Structure formats: C-alpha cells, structure tokens
Amino acid sequence: MSDSVFASVVQAPEDPILGVTVAYNKDQSPVKLNLGVGAYRTEEGKPLVLNVVRKAEQMLVNDQSRVKEYLPITGLADFNKLSAKLIFGANSPAIQENRVTTVQCLSGTGSLRVGAEFLARHYHEKTIYIPQPTWGNHPKVFTLAGLSVKSYRYYDPSTRGLDFSGLLEDLGSAPSGAIVLLHACAHNPTGVDPTSDQWEQIRQLMRSKGLLPFFDSAYQGFASGNLDADAESIRLFVADGGECLAAQSYAKNMGLYGERVGALSIVCKTADVATRVESQLKLVIRPMFSNPPIHGASIVATILKDGDMYTEWSVELKAMADRIISMRQQLYDALCARGTPGDWSHIIKQIGMFTFTGLNTNQVAFMTKEYHIYMTSDGRISMAGLSSKTVPHLADAIHAAVTSAA
Ligand code: PGU
C-alpha cells in the first residue's frame with residue numbers, strides 16, 4: 001500500500017481550553033471535576049437548559065406554520081433587531097436613527113470572525129490591540145481574519161487587579177485608528193473589569209485618538225446578574241455618537257452553547273453608511289457559511305419579544321449569576337478555614353464566570369494529577385463548574401498545591 005498523501009501531516013496539540021474537557025472525559029476517577037471550559041453547571045454538576053428555553057422550544061415545535069427554509073444571509077430579522085435592543089438598550093438613539101446594522105452569526109466566535117474579516121477588507125487600520133491576557137482564541141480568530149494582533153497591558157499579577165496605567169499608556173501609544181478589542185464585562189480569564197470611571201477614561205482616550213472599539217460581549221447578565229448593568233460599557237461608547245463593533249453570544253446567558261447563536265452589530269455614523277456596511281457583511285458571510293442556522297435564533301427571538309418570557313429569562317439568568325457568586329464566597333471561606341497561605345480575596349473580588357487564581361502551571365498539573373481537577377494551565381477556574389459539594393475537594397487541592405507543589 002502506498003503512503004498516504006497526508007503522511008507528512010503532524011499531530012496538532014489539543015486546544016488549551018476545549019482540550020481540558022477531552023482530558024477530563026478520559027479520566028475514570030469518581031471525584032474528577034471539570035473547571036476548564038466556561039459552561040454553567042447546576043449544584044448537581046449537570047448542564048442546565050433554562051425552563052424558558054424549553055418553553056420557547058415547545059412553542060416552536062407546536063407551531064405548524066414554521067418551516068425549515070434558508071434564512072437570509074444576515075439571519076433572522078427579528079432576532080437581529082431584538083439582539084441590538086438587548087445590547088444597546090431599548091431607547092438607544094443609534095437604533096432609532098437606523099445607524100446600526102446587526103447580522104446573525106455563529107455565536108460569539110463567528111461574530112468576532114465576521115467582524116474581523118469585514119475590518120480586514122474595509123477598514124484602513126489593520127492592527128487590533130487585545131488585552132494581555134485574553135481569551136485564547138482571540139489572537140487566532142483575528143490573525144486568520146487578516147488583522148495584525150498586538151496587545152495592551154490589562155492585568156497586573158502583583159495586585160491581581162487592573163493595570164490601568166499600563167492600559168492607558170499602551171492605548172495612548174497605539175497608532176491612531178487602531179482597533180481595540182474590549183471585553184464588555186466579566187473579562188476572561190481574569191475576572192477583572194474596569195470601574196465606570198475607568199471606562200469613561202478609556203472612552204475619552206480612545207475617542208480622542210480615533211481608536212475603533214470592538215466589544216466582545218460573551219457574558220451579558222453573567223457578571224452582575226443584570227442585563228442592562230452588564231452592557232453599560234458598550235452603551236457609554238454608543239452614547240457619544242461614535243462608531244463601534246459588538247459581538248454578542250447567547251452561549252452563556254441563555255445556555256445555548258451548542259446552538260451557536262450570536263450577533264455582530266456595527267454602529268455607524270449614519271443610516272446610509274450602515275446600509276452599505278451591511279451589504280459588505282453579506283459578502284463576508286455568504287462564502288463563509290452562506291447563512292446562519294434557524295433554530296437557536298428562533299428560541300432567542302421568541303424569548304426576547306415576549307415580556308413574560310423575557311422576565312422569566314432574567315430571573316433564571318440572575319439565579320445562575322448568584323450561584324456563581326455564592327461559589328466564590330464558599331471557596332474563599334474554605335481556603336480561609338484551611339489557613340491556605342496567601343491572600344485569596346481576589347476570589348470574591350473578581351467578576352463573572354472565572355477566577356484567575358494565580359496558581360502556576362506546576363500547581364495546576366499537580367491538582368490534575370493528584371486531585372483529578374481539570375482547569376486551564378494559566379490557573380483559571382470556571383466557578384460555574386463548582387458546587388457546594390465539590391468546594392471542599394477543590395479547597396483541599398489548592399491547599400496541597402500551594403503548600404507542597406513547586
Ligand atoms: N468571547 C469570550 C471572551 C469567551 O470567553 C468565549 C467563550 C467566546 C467569545 C466564544 O463563545 P461562543 O461559544 O463562540 O459564543 N469562552 C469559553 C468557552 C469555551 C471556548 O473557549 O470557546 C471559555 O471557556 O473561555
């Protein structure tokens with residue numbers, strides 16, 4: 001038999017985040033714990049389908065008038081309108097003035113990719129600044145889209161907080177017009193967000209230099225439990241009349257991970273520009289995936305357009321956010337009770353799905369080997385994967401890692 005034409009293809013490494021689940025699935029231990037991927041689990045450690053989502057799906061199934069035709073290239077019109085309203089606010093002048101174009105894309109990742117490809121084709125500055133650190137997929141998505149990626153200082157390991165002066169310095173010396181990726185809330189992986197005052201200073205600096213904001217909003221509602229509060233950073237930038245991009249994901253806040261439902265919005269100066277921008281977005285999408293899937297977007301539209309269902313969703317979302325916050329407190333208390341060396345107050349100060357523990361690669365490897373706890377090697381743990389039952393096991397593992405591992 002002759003050699004494969006692919007014989008020279010080398011084995012690629014597993015993804016740093018999704019690969020953690022692959023390793024976890026292979027582990028036979030009954031105490032194994034997956035704190036890698038940012039996916040919500042119940043107190044019983046099970047994935048959660050929201051009641052309101054089940055209800056919406058039932059309505060869709062029962063509606064005999066629904067068909068499975070292709071959606072337009074830009075996706076479900078209702079979904080797009082409602083998504084823009086969700087992120088920019090019900091009374092957003094930009095929406096009222098028809099200056100926003102919104103296209104349905106494949107969850108947060110696909111929205112970032114479509115936005116980045118549009119910028120690579122039609123925007124004069126090809127450099128995007130991303131925070132250091134950031135979600136591991138950001139540099140790959142933007143590079144493949146044809147942008148050149150640079151980073152700006154964001155996190156200070158010594159304070160486990162925001163390196164605000166580093167951030168201002170780096171954005172201050174970025175070339176005018178450069179694109180800047182901003183996490184709208186619940187920064188991944190650090191759990192550290194700017195305060196409202198700091199956001200305002202960032203806005204002033206960026207607008208004065210003509211830097212173009214590209215918001216990644218993967219956790220609206222997950223940071224504070226309030227959908228409006230978690231969109232404040234974006235609304236601050238839209239309120240000044242300037243332009244920006246926003247990538248929205250419904251993976252976490254509606255628990256629609258595998259449905260791949262998200263949206264890209266581009267806020268423009270005028271309605272006329274927005275129309276032309278949308279015509280070009282269609283040219284990006286058509287050869288990429290032609291048009292987006294119908295089911296997930298229909299679920300979201302059903303929930304967002306009905307007042308009662310929207311309220312039900314906000315209540316379920318708040319319950320998820322609250323459970324994560326209570327996990328922070330429980331883990332912090334458990335470490336204090338064990339007298340684990342070090343200051344662990346960042347666990348309760350950080351925001352959103354993740355705690356950036358400060359544990360190093362060796363300590364993480366130790367916890368995986370000895371305690372069957374799976375997390376990303378940068379020391380990030382998904383608080384949403386934790387429950388009251390598993391907190392003691394995690395606290396034991398961290399205590400042992402800090403006191404005995406290198
Ligand atoms: N942006 C940020 C900041 C994210 O954290 C994630 C997901 C996404 C975008 C993309 O989410 P979509 O599923 O495409 O809507 N990050 C999670 C999930 C696993 C992953 O890496 O995709 C995480 O654990 O970091």
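Atoms within each ligand, like the ligands themselves, are counted from 1 in listed order. This is a predicted model, so every value here is computed, not measured.
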Worked verdict on Asp170 versus Lys150 for salt bridge (charged side-chain N to carboxylate O under 4.0 Å, His left out):
CA-CA 10 Å; Asp170 289 350; Lys150 290 214 168 103; over 6 Å; no

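- Around atom 21 (O) of ligand 1, the closest heavy atom drawn from Trp135, Phe354, Tyr219 belongs to Trp135.
- Between Phe366 and Tyr371, the angle of the ring planes lies from 30° to 60°, which puts this pair in the tilted group.
- Residue-ligand proximity: Tyr250 is placed with every non-hydrogen atom at 4.0 Å or more from ligand 1.
- Remark: Glu169 engages Arg153 in a salt bridge, criterion side-chain N to carboxylate O under 4.0 Å.
- Considering both main-chain and side-chain atoms, Leu18 never comes within under 3.5 Å of ligand 1 through any nitrogen or oxygen pair.
- Ligand-side atoms of ligand 1 in range of Arg380: 23 (C), 24 (O), 25 (O), range being under 4.0 angstrom from any heavy atom.
- Relative to the ring axis of Phe354, Arg380 places its NZ or CZ within 45° and under 6.0 Å from the centre.
- Residue-ligand proximity, Ala218 to ligand 1, at heavy-atom distances under 4.0 Å covers atoms 1 (N), 2 (C), 4 (C), 9 (C).
- Ring centers of Tyr250 and Phe79: under 6.0 Å apart, within the cut-off.
- A salt bridge links Arg203 with Glu200: at least one charged nitrogen is closer than 4.0 Å to a carboxylate oxygen.
- The ligand atoms of ligand 1 that sit less than 4.0 angstrom from a heavy atom of Ser249 are 12 (P), 15 (O).
- If you run side-chain hydrogen bond (donor to acceptor under 3.5 Å, both in side chains) between Thr101 and each of Gln280, Arg276, Glu278, only Glu278 comes through.
- Among all protein heavy atoms, the one lying closest to atom 14 (O) of ligand 1 is Thr109 OG1, 2.5 Å.
- Close contacts of ligand 1 with Arg260, meaning ligand atoms under 4.0 Å from a residue heavy atom, involve 12 (P), 13 (O), 14 (O).
- Close contacts of ligand 1 with Ala251, meaning ligand atoms under 4.0 Å from a residue heavy atom, involve 13 (O), 15 (O).
- In summary, the atoms of ligand 1 found under 4.0 Å from a heavy atom of Gly108, numbered by their order in the structure, are 12 (P), 14 (O), 15 (O).
- Look at Arg99 and Glu243 and you find no salt bridge, because none of the NZ, NE, NH1 or NH2 atoms lies under 4.0 Å from a carboxylate O.
- Aromatic pair Tyr40/Tyr257: centroids not less than 6.0 angstrom apart.
- Nearest to atom 12 (P) of ligand 1 by heavy-atom distance, out of Ala184, Ser111, Ser107, is Ser107.
- Counting protein heavy atoms only, atom 19 (C) of ligand 1 is closest to Val37 CG2, 3.6 Å.
- Taking a 4.0 Å cut-off on heavy atoms, Asn137 fails to register as neighbouring ligand 1.
- Contacts between Asp216 and ligand 1 below 4.0 angstrom, taking non-hydrogen atoms only, involve the side chain exclusively.
- The main-chain N or O of Phe222 is never found under 3.5 Å from a side-chain atom of Lys252 such that the two would form a donor-acceptor pair.
- Residue Gly38 has at least one N or O atom closer than 3.5 Å to an N or O atom of ligand 1.
- Between atom 18 (C) of ligand 1 and the options His183, Arg113, Lys252, the minimum heavy-atom separation is to Lys252.
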